[in-house]
Colleague: 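This is the structure, below, for whatever I ask next.
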Amino acid sequence: MKKIFLLLFALVGLVGLQSCEGPEGPPGFDGPPGPIFEAEVFEVTTNFTYGGDLASTFKFSKAILPTDHLLVYRLDGVDNGVDVWRILPQTYFFGTVGDIIYNFDFTKFDFRLFLDTNIGNVDKLDGGAWTNKQTFRVVIIPGYMPNRSLDTSSTAVENTDYNTIIKKYNLENAPTKQLQAK
């Protein structure tokens, strides 16, 4: 009798526990606030002149979010028909002549590419090869992307290779958009 009573008590307990309901929890999040933007790639070609303070500013087609990241790569050459991209900031040393640093800054509305240099008449160095027709790729990476970490320091190995970033954010077939200076 004891065994039947214990078995009946356990069965009633299991049925009772399965039918319990508590208060409804808080609603979940619908996603990131505001409009959702995908990672994008822009390409710009510019001349760095003293009239422009060795800088060029480009306006985004739409404002980026405050949490978005920006990576900029300079076309450093071509190797066996393949473009070679180097992440900014990038420094080039010319011995006793001086050095050139390609760098950038950005807001949610635009970005600026600029040269820091201690070389007088840098626009004459190598016939203007370091200031004329400089091509850059700009990659905008949304800050809200889940399970994605982005170390934006210039020493982060995963960010130094343009092709690695393009693959990581599924941009292999994304169109590269052209921007004009402001």
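Just the heavy atoms: all of them, side chains too, but no hydrogens, waters or symmetry mates, feed the values below.
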Colleague: Using the rule given for side chain to side chain contact (heavy atoms under 4.5 Å, CB included), can you reason through Leu115 versus Thr131, listing the C-alpha separation, both sets of side-chain angles and the distance that settles it, and then say yes or no?
Modeller: CA-CA 9 Å; Leu115 285 181; Thr131 55; 3.8 Å; yes
Colleague: Apply side chain to side chain contact (heavy atoms under 4.5 Å, CB included) to the pair Lys62 and Lys108, showing each step before the final yes or no.
Modeller: CA-CA 9 Å; Lys62 59 187 172 220; Lys108 68 181 197 172; over 6 Å; no
Colleague: Arg112 pairs by side-chain hydrogen bond (donor to acceptor under 3.5 Å, both in side chains) with which of Asn103, Asp105, Thr57?
Modeller: Asp105
Colleague: What I'd like to find out is whether the side chain of Asp68 reaches to under 4.5 Å of the side chain of Ile141, using heavy atoms alone.
Modeller: no
Colleague: What's the separation between atom NZ in Lys124 and atom CG in Asp126, rounded to the nearest 0.5 Å?
Modeller: 13.0 Å
Colleague: Once you measure the plane-to-plane angle for Phe48 and Phe136, does it fall in the parallel (<30°), tilted (30-60°) or perpendicular (>60°) bin?
Modeller: perpendicular
Colleague: Evaluate the side chain to side chain contact (heavy atoms under 4.5 Å, CB included) criterion for residues Glu40 and Val139: first the C-alpha distance (whole Å), next the side-chain angles of each, then the deciding distance (0.1 Å), finally the verdict.
Modeller: CA-CA 6 Å; Glu40 293 183 89; Val139 182; over 6 Å; no
Colleague: Spell out, yes or no, whether Ile87 and Leu75 are grouped together once hydrophobic residues are joined by side-chain heavy atoms under 4.5 Å, including indirect joins.
Modeller: yes
Colleague: Give a yes or no on whether the ring-centroid distance for Phe111 and Phe104 is below 6.0 angstrom.
Modeller: no
Colleague: Determine, step by step, whether Phe109 and Lys59 satisfy the side chain to side chain contact (heavy atoms under 4.5 Å, CB included) criterion, reporting the C-alpha distance in whole Å, the side-chain angles of both residues, the deciding distance to 0.1 Å, and the verdict.
Modeller: CA-CA 6 Å; Phe109 302 108; Lys59 186 176 181 179; 5.5 Å; no
Colleague: Rounded to the nearest 0.5 Å, how far does CZ of Phe114 lie from CG of Leu88?
Modeller: 9.0 Å
Colleague: Verify, without hydrogens or angle tests, whether Gln134 (side chain) and Asn132 (backbone) share a donor-acceptor contact under 3.5 angstrom.
Modeller: yes
Colleague: Are side-chain N/O atoms of Tyr73 and Asp83 paired as donor and acceptor at under 3.5 Å?
Modeller: no
Colleague: Judged by atom type as modelled, is there a donor-acceptor pair below 3.5 Å linking the side chain of Asn118 to the main-chain atoms of Asp99?
Modeller: yes
Colleague: Got a second to check how far Leu71's CG is from Phe106's CZ, nearest 0.5 Å?
Modeller: 9.0 Å
Colleague: Which heavy atom of Gly120 sits nearest to which heavy atom of Tyr50, and what is that distance?
Modeller: C-OH, 4.0 Å
Colleague: Identify the two heavy atoms, one from Asp76 and one from Tyr92, that lie closest to each other, and give their separation to 0.1 Å.
Modeller: OD1-OH, 2.6 Å
Colleague: Which atom names give the shortest non-hydrogen contact between Phe60 and Leu70, and what distance separates them?
Modeller: CZ-CD1, 4.0 Å
Colleague: Between Ile100 and Thr91, is any pair of side-chain heavy atoms under 4.5 Å apart?
Modeller: no
Colleague: Please say whether the positively charged group of Arg74, taken as NZ for Lys or CZ for Arg, lies over the ring of Tyr102, i.e. under 6.0 angstrom from the six-membered ring centre and within 45 degrees of the axis.
Modeller: yes
Colleague: Under a 4.5 Å side-chain heavy-atom rule over Ile, Leu, Val, Met, Phe, Trp and Tyr, are Ile119 and Leu54 clustered together?
Modeller: yes
Colleague: Is Val72 linked to Ile101 within one hydrophobic cluster, defined over Ile, Leu, Val, Met, Phe, Trp and Tyr using a side-chain heavy-atom separation of less than 4.5 Å?
Modeller: no
Colleague: Would you say Val84 ends up clustered with Val41 if hydrophobic residues are merged whenever their side chains have heavy atoms under 4.5 Å apart, either directly or through other cluster members?
Modeller: no
